[in-house]
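Shown next, in structure tokens, is the structure this report addresses.
Each chain gets a letter, A, B and so on, in the order the sequences are listed, and its residues count up from 1.
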Amino acid sequence: MVSDTVIVLDFETTGHSPTLGDRPIEVGAVRIEQGMIVDRFQALMNPGFTISWFIESLTGISNELVAAAPECEAVMHRFADWIGDVPLVAHNANFDRKFLDAELARIGRERTNPMACTVLASRRLFPEAPDHRLSTLVSYLNIATSGTFHRALADAEMTGSLWILLIDLLRDRYGLTDISFSLMHKISTMSRYKVHKFLQQYGATH
DNA sequence: TGCCAGGCCCTCTTTAGGGCCTT
């Protein structure tokens with residue numbers, strides 16, 4: 001099986017909206033080559049203000065932890081260098097894209113990487129799942145887990161496993177042998193009613 | 001002080017509303 005190299009990333013943040021001042025407190029990511037995780041990135045970062053009790057409880061990331069961490073700007077420079085121009089993947093990519101773009105803008109850099117979403121892909125390829133939250137899909141698809149959720153690297157690793165399963169499903173169900181990032185991206189953004197027929201036709205001609 | 005987003009996607013739709021998904 002040949003598939004493109006991708007980087008699967010996840011941010012833990014102080015809230016939902018960078019436009020209202022929320023910032024990342026941790027980034028985790030895995031690099032996937034040939035269907036395997038071959039490298040990892042993880043860093044806590046200091047957002048410059050106090051994290052709410054809710055976020056401390058949700059993530060287990062305390063104010064003490066981020067106080068000892070480097071500022072977001074320093075981490076994001078390292079992260080931007082690490083991801084390069086490799087295509088990106090995230091679970092609910094719209095969320096992580098907002099924070100990535102906002103933090104890159106703060107350091108005078110810009111994302112050029114295309115980005116795909118495992119929520120959108122899963123809704124089309126696993127429509128029978130109870131729902132499409134990461135924790136539900138991990139359980140439903142028997143994805144290996146350390147038992148930790150809402151930590152960036154653990155969530156990125158599970159999302160990476162989900163990405164690999166999505167590619168496996170395209171291979172097994174439709175006989176596709178060369179599954180590119182752009183094919184998965186196309187599937188994720190087309191009408192869910194057209195996906196099955198499209199893949200049948202695609203599999204017959206590739 | 002209290003509250004805060006937003007893109008996707010379905011449907012009892014398109015002159016709209018509300019659930020899903022992320023922290």
Test your reading of the model: is there a side-chain donor-acceptor pair from A/D96 to the backbone of A/F11, 3.5 Å cut-off?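 Side chain of A/D96 to backbone of A/F11: a pair is present.
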
For the pair [X] and [Y], find out whether any cationic side-chain nitrogen is under 4.0 Å from an anionic carboxylate oxygen.
X      : Y      : answer
A/E157 : A/R40  : yes
A/E73  : A/R23  : yes
A/D168 : A/R171 : yes
A/E26  : A/R151 : yes

Minimum-distance nucleotide to [X] side chain [options: [options]]:
X      : options               : result
A/R124 : B/dC9, B/dA5, B/dT22  : B/dC9
A/R192 : B/dA5, B/dT23, B/dC9  : B/dC9
A/L20  : B/dT22, B/dT23, B/dC4 : B/dC4
A/E12  : B/dT23, B/dC4, B/dC9  : B/dT23

Heavy-atom side-chain proximity of A/C72 to A/V75 below 4.5 angstrom: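 Heavy-atom side-chain distance check fails, nothing below 4.5 Å.
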
If you compare every side-chain N and O of A/H91 against the phosphate oxygens of B/dC21 (OP1, OP2), does one of them come in below 4.0 Å?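 It does not, given that no N or O in the side chain of A/H91 lies less than 4.0 Å from OP1 or OP2 of B/dC21.
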
Can you check whether A/H16 has a side-chain N or O nearer than 4.0 Å to OP1 or OP2 of B/dT22?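 A/H16 to B/dT22 OP1/OP2: no side-chain N or O under 4.0 Å.
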
Whichever of A/T19 and A/M190 has its nearest DNA chain B nucleotide further upstream toward 5':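 Per heavy-atom nearest nucleotide, the more 5' residue is A/T19.
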
DNA chain B: 5'-proximal contact among A/F54 and A/L120 (nearest heavy atom):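 Closer to the 5' end of DNA chain B: A/L120.
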
At under 4.0 Å between heavy atoms, what does [X] touch on the DNA or RNA strands: base, sugar-phosphate, or nothing?
X      : result
A/L134 : sugar-phosphate
A/D10  : sugar-phosphate
A/D131 : sugar-phosphate

Between [atom2] on [N] and [atom1] on [X], what's the gap in Å once rounded to a whole number?
X     : N      : atom1 : atom2 : answer
A/N94 : B/dT23 : CG    : C1'   : 13 Å
A/F11 : B/dT23 : CZ    : C1'   : 12 Å
A/I55 : B/dC4  : CD1   : C1'   : 13 Å
A/N92 : B/dA5  : CG    : C1'   : 11 Å

Name the orientation class of the two ring planes belonging to A/F79 and A/W82 (parallel below 30°, tilted from 30 to 60°, perpendicular beyond 60°).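 The rings of A/F79 and A/W82 lie parallel, inter-plane angle below 30°.
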
Would you say whether A/H132 stacks on B/dC20? The test is a distance between ring centres of less than 5.5 Å and an angle between planes of less than 30°.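 No, the aromatic ring of A/H132 does not stack with the base.
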
What protein N or O atoms touch nucleotides 17-19 of chain B N or O atoms at under 3.5 angstrom, if any, and at what distances?
none

Using the C1' atom on both, measure B/dC10 against B/dG2 and round to a whole Å.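 These two C1' atoms come out 32 Å apart once rounded.
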
